[in-house]
Amino acid sequence: QVQLVESGGGLVQAGGSLRLSCAASGRTFSSYNMGWFRQAPGREREIVAAIGKSDGGTYYATSVKGRFTISRENAKNTAYLQMNSLKPEDTAVYYCAAARVVVSTTQADYWGQGTQVTVSS
């Protein structure tokens, strides 16, 4: 069992930055691919970024590429999402997820409770 706890959300003006953290319980954090997802009101949950468990390979949604950076520190059981040049359309609840195989909305094994990010114009 893995428990994920997100933190770092908040209210920021357009153009600003936030850093989200996802702290994982347990000793097997390095065995999971990690991902960040977001869900805006009235919209489906979508993947934002993902990072591999072994080689640290990364994936970014087109909408955030060049602005967001996903990283992880296995020694601290923590994944991060650095968000720069934030836009109002980035406003959503952000979730982290852990997956043994595929990081996706349907195949992730564990989810955090979410943290609200609000970007004002």
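The chain is numbered in sequence order, starting from 1.
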Between Thr105 and Arg45, the two heavy atoms sitting closest are CG2-O, 3.7 Å

| Tyr80/Glu73 under side chain to side chain contact (heavy atoms under 4.5 Å, CB included): CA gap, chis, key distance, verdict | CA-CA 8 Å; Tyr80 305 97; Glu73 285 190 75; 2.9 Å; yes

TODO: Check the surroundings of atom CD in Gln116: do more than 12 heavy atoms from other residues, nucleotides or ligands lie under 6.0 Å from it?
DONE: yes

Nearest heavy-atom contact between Ala79 and Trp36 is O-CZ2, 3.9 Å

Check your understanding: Do Tyr94 and Ile47 belong together in a cluster built from hydrophobic side chains that touch within less than 4.5 Å?
Key -> no

message: Between Leu20 and Met83, is the side chain to side chain contact (heavy atoms under 4.5 Å, CB included) condition met? List the steps.
response: CA-CA 8 Å; Leu20 305 184; Met83 306 186 294; 3.8 Å; yes

Practice item. Could you tell me whether the side chain of Arg38 and the main chain of Val93 form a donor-acceptor pair under 3.5 Å? Key: no

TODO: May I have the step-by-step check of side chain to side chain contact (heavy atoms under 4.5 Å, CB included) for Phe68 and Leu18, ending in yes or no?
DONE: CA-CA 10 Å; Phe68 291 10; Leu18 284 174; over 6 Å; no

Self-check item: Tyr95 and Trp111 aromatic ring geometry - parallel, tilted or perpendicular at 30°/60° bounds
Solution: perpendicular

Exercise answer: donor-acceptor pairs, residues 6-16 side-chain atoms, under 3.5 Å, sequence neighbours excluded:
residue : atom : partner : partner atom : Å
Glu6    : OE1  : Gln113  : N            : 3.0
Glu6    : OE1  : Gln113  : NE2          : 3.4
Glu6    : OE1  : Gly114  : N            : 2.9
Glu6    : OE2  : Cys96   : N            : 2.8
Glu6    : OE2  : Gly114  : N            : 3.2

Got Tyr60 and Val48 here, is their nearest side-chain heavy-atom distance under 4.5 Å? no

Check your understanding: Would you find a donor on one side and an acceptor on the other, under 3.5 Å apart, between the side chain of Asn77 and the backbone of Gly26?
Key -> yes

Margin query: Looking at Asn74 and Ser30, would you say the former's side chain and the latter's main chain have a donor-acceptor pair under 3.5 Å?
Written below: no

Value for CD (Gln1) from OG1 (Thr28), rounded to nearest 0.5 Å, stands at 10.0 Å

Minimal heavy-atom distance between Asn33 and Val101, with the atoms involved, is ND2-O, 2.7 Å

Separation between CG (Asn84) and CZ (Arg19), nearest 0.5 Å, reads 11.0 Å

Item checked: Donor-acceptor under 3.5 Å (Thr78 side chain, Lys76 main chain) -> yes

- request: Group every Ile, Leu, Val, Met, Phe, Trp and Tyr by side-chain heavy-atom contacts under 4.5 Å, then state whether Val2 and Val103 land in the same group.
  value: no

Across all chains, not counting sequence neighbours, the ring-ring contact (aromatic ring centres under 6.0 Å, His included) partners of Phe29 are none

#### Entry: Main-chain N/O of Arg100 paired to Asp109 side chain as donor or acceptor, under 3.5 Å
yes

*Under a single-linkage definition using a 4.5 Å side-chain heavy-atom cutoff for Ile, Leu, Val, Met, Phe, Trp and Tyr, are Val64 and Leu81 assigned to the same hydrophobic cluster?*
yes

Hits for side-chain hydrogen bond (donor to acceptor under 3.5 Å, both in side chains) against Ser121, two or more places apart or cross-chain, chain-then-number order -> none

Checklist entry - Taking C-beta and beyond as the side chain, do Gln82 and Ile70 meet within less than 4.5 Å on heavy atoms? => result no

